[in-house]
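Heads up, the thing below is written out as structure tokens.
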Amino acid sequence: MRYLTQLFSGLVFGVGLALAGMTSPQKVLAFLDVSDQWDPSLLFVLGGAVVVAAVAFHWTLRRARPVLEPQFHAGAARKGDAGLIAGSAVFGVGWGIGGYCPGPAVALLAAPWNAEAPFLLGGLLVGIASHVVWEKFRSGETLGKEP
Amino acid sequence: MALAEFLQPLAGGFLIGGASASLLYFNGRIAGISGILRRLFGSSAVLFVERLLFLLGLIAGAALYEIDAGTFPVPRADFPAGLLAVSGVLVGIGTSLANGCTSGHGVCGLARFSMRSLVAVGVFLSVAIATTYIVRHVFGIR
């Protein structure tokens, strides 16, 4: 059952991304490029998603536990860290260059013959892996512990 | 812009929010794509399969919509492949360092009124807007 709801949630997420136009980097960049025939529609994507999630999260987190697991893994508010701002800035540069954030990057595999897929996804995996390795090397701790 | 042009993005947003709600309600987990990618390996076998199924679902969902609509994203003819790879690397490092991306901080974080996520969204959105301007209008790459 846990597997089924993961698959189902992913499926709805993917349909939503494509319906929203997020899978088109041209559309994403038309939103980010505020100086040139600005396309504000992605504000509606984010706004719609946040409103639905906020109502549902509020209601869900009043439960003692999720339906299929003993506890929530949503993580309490973490301590502040320098990585948050530096990382978000680095992500912003990458997003602003290519027009892909991680969800639409994964969704490229819906049409893997797209010539942009190998470069973008290869880069993404190298980026994630290099940070994971760097963190392990630096702290000796295991990154990716369950929150 | 006609009203109808906003309805489709809005409906897509509702689905993304609904999917995030479903994952929290049933599985107790945050639908953050960068976190799911980063934690895909190195966890237990059960968690690996769970995360893989979410990602496969995402791919299948996008494929279903694109097949139904009869349109697939069109690759840009003149966009340098090396620059695409660089952008992928930056997105990977940045979201891993910041512990979240557009979905984790943007949707789930804001929905939980997280101050950290609000800061993250403010930073990545403003940096992305500035970067897009420079790439398109200073270097003329699009």
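The sequence lines fix the lettering, A, B, ..., with proteins before strands; numbering per chain opens at 1. Both backbone and side-chain heavy atoms feed into the values below; hydrogens, waters and symmetry mates do not.
- Comparing A63(B), A120(B), G17(B) by how many heavy-atom pairs each has under 4.5 Å with chain A, the most go to G17(B).
- Contact of the R136(B) side chain with the L29(A) side chain is registered, since non-hydrogen atoms from C-beta on lie closer than 4.5 Å.
- Taking CE of M22(A) as the start and OG1 of T102(B) as the end, the distance is 5.5 Å to the nearest 0.5 Å.
- A donor-acceptor pair under 3.5 Å is absent between the side-chain atoms of Q8(B) and the main chain of A20(A), judged by distance alone.
- Considering only heavy atoms from C-beta on, H137(B) comes within 4.5 Å of D33(A) through its side chain.
- Cluster membership check: V107(B) shares its hydrophobic cluster with L84(A), using side-chain heavy-atom separations under 4.5 Å among Ile, Leu, Val, Met, Phe, Trp and Tyr.
- Interface summary for chain B: among S24(A), A49(A), G122(A), the most heavy-atom pairs under 4.5 angstrom belong to A49(A).
- Of the inter-residue distances, the one linking L58(B) atom CG with L7(A) atom CG reads 10.5 Å to the nearest 0.5 angstrom.
- For chain A, the nearby part of V135(B) is the side chain; its heavy atoms alone come within less than 4.5 Å.
- To the nearest 0.5 angstrom, L124(A) atom CG is 6.5 Å from T95(B) atom OG1.
- Transitive grouping of hydrophobic side chains (ILVMFWY, heavy atoms separated by less than 4.5 Å) brings V138(B) and V86(B) into a common cluster.
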Trace of the side-chain hydrogen bond (donor to acceptor under 3.5 Å, both in side chains) decision for N27(B) with T5(A)
CA-CA 7 Å; N27(B) 297 75; T5(A) 50; 2.7 Å; yes
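- Each of V12(A), V45(A), V15(A), L19(A) was compared with I16(B) under the side chain to side chain contact (heavy atoms under 4.5 Å, CB included) criterion, and only V45(A) meets it.
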For V90(A) and F124(B): C-alpha separation, side-chain torsions, deciding distance, then whether side-chain contact (heavy atoms from CB on, under 4.5 Å) applies.
CA-CA 8 Å; V90(A) 172; F124(B) 70 62; over 6 Å; no
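- Between R2(A) and V46(B), the shortest heavy-atom distance links the atoms NH2-CG1, 3.8 Å.
- For S34(B), the parts lying under 4.5 angstrom from a heavy atom of chain A are both the backbone and the side chain.
- Using a 4.5 Å cut-off on side-chain heavy atoms (C-beta onward), H58(A) and R112(B) make no contact.
- In this structure, the portions of L23(B) lying under 4.5 Å from any heavy atom of chain A include both its backbone and its side chain.
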Given side-chain contact (heavy atoms from CB on, under 4.5 Å), test S88(A) with V127(B) step by step and report yes or no.
CA-CA 8 Å; S88(A) 296; V127(B) 170; over 6 Å; no
Please report the C-alpha distance between F72(A) and L24(B) in whole Å, then the side-chain angles of each, then the deciding distance to 0.1 Å, and finally whether the side-chain contact (heavy atoms from CB on, under 4.5 Å) criterion is met.
CA-CA 8 Å; F72(A) 286 106; L24(B) 188 69; 4.0 Å; yes
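- Side-chain atoms of C101(B) and F91(A), non-hydrogen and from C-beta on, do get closer than 4.5 Å to each other.
- Side-chain contact between R142(B) and Q26(A): absent, with no pair of heavy atoms (C-beta onward) separated by less than 4.5 Å.
- One distance of note links CG of L15(B) with CG of L11(A); it measures 10.5 Å at 0.5 Å rounding.
- Looking at V91(B), both its backbone and its side chain come within 4.5 Å of chain A, counting heavy atoms on both sides.
- Of the residues considered (A110(A), S9(A), A18(A)), S9(A) shows the highest number of contacts with chain B, using heavy-atom pairs under 4.5 Å.
- Comparing G104(B), G35(B), G92(B) by heavy-atom pairs within less than 4.5 Å of chain A, the highest count is held by G92(B).
- Listed options G82(B), S20(B), A11(B) were ranked by heavy-atom pairs under 4.5 angstrom with chain A; first place goes to S20(B).
- F113(B) belongs to no multi-residue hydrophobic cluster, having no ILVMFWY side-chain contact under 4.5 Å with any other such residue.
- With a 4.5 Å cut-off on non-hydrogen atoms, R76(B) touches chain A through its backbone and its side chain both.
- Proximity to chain A (any heavy atom under 4.5 Å) is restricted, for F79(B), to the side chain, taken from C-beta onward.
- Taking every heavy atom of both residues into account, T131(B) and G92(A) meet most closely at OG1-O, 4.1 Å.
- Listed here is the closest heavy atom pair of G18(B) and V52(A): N-CG1, 3.6 Å.
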Under the criterion side-chain contact (heavy atoms from CB on, under 4.5 Å), I'd like the reasoning laid out for I128(A) against L37(B): C-alpha separation, chi angles, the key distance, then a yes or no.
CA-CA 8 Å; I128(A) 295 174; L37(B) 276 178; 3.9 Å; yes
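- Using cut-offs of 30° and 60° for the angle between ring planes, the Y25(B) and W59(A) rings count as parallel.
- The hydrophobic cluster containing L90(B) does not contain V133(A), counting ILVMFWY residues as joined when their side-chain heavy atoms lie under 4.5 angstrom apart, directly or transitively.
- Contact of R65(A) with chain B is not made at all, since no heavy-atom distance falls under 4.5 Å.
- With rounding to the nearest 0.5 Å, the separation of CG in L42(A) from CZ in F6(B) is 11.0 Å.
- Ranked by heavy-atom pairs under 4.5 Å with chain A, the list I129(B), L83(B), L53(B) is led by L53(B).
- A continuous path of Ile, Leu, Val, Met, Phe, Trp and Tyr side chains, each step under 4.5 Å between heavy atoms, connects L32(A) with W38(A), placing both in one hydrophobic cluster.
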For a quick test of your reading: what N or O donor-acceptor pairs under 3.5 Å do the side chains of residues 94-109 of chain A make, sequence neighbours left out?
from, atom 1, to, atom 2, distance (Å)
Y100(A), OH, E116(A), OE1, 2.7

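- Minimum heavy-atom separation, L10(B) to F44(A): CD1-O, 3.5 Å.
- Side chains of F13(A) and I33(B) form a contact here, defined as non-hydrogen atoms less than 4.5 Å apart.
- In this structure, the separation between CD on E50(B) and CG on L68(A) is 9.0 Å, given to the nearest 0.5 Å.
- Shortest non-hydrogen contact noted between S22(B) and F8(A) is OG-CD2, 3.8 Å.
- A chain of hydrophobic side-chain contacts below 4.5 Å, direct or via other Ile, Leu, Val, Met, Phe, Trp or Tyr residues, connects F31(A) to V50(A).
- When heavy atoms are compared at a cutoff of 4.5 Å, L46(A) approaches chain B solely by way of its side chain, counted from C-beta outward.
- Across all non-hydrogen atoms, the minimal contact from F57(A) to A111(B) is CD2-CB, 4.1 Å.
- The residue among A69(B), P73(B), A130(B), S117(B) with the most heavy atom pairs within less than 4.5 Å of chain A is P73(B).
- Between chain A and the residues G88(B), G32(B), A21(B), the largest count of heavy-atom pairs under 4.5 Å involves G88(B).
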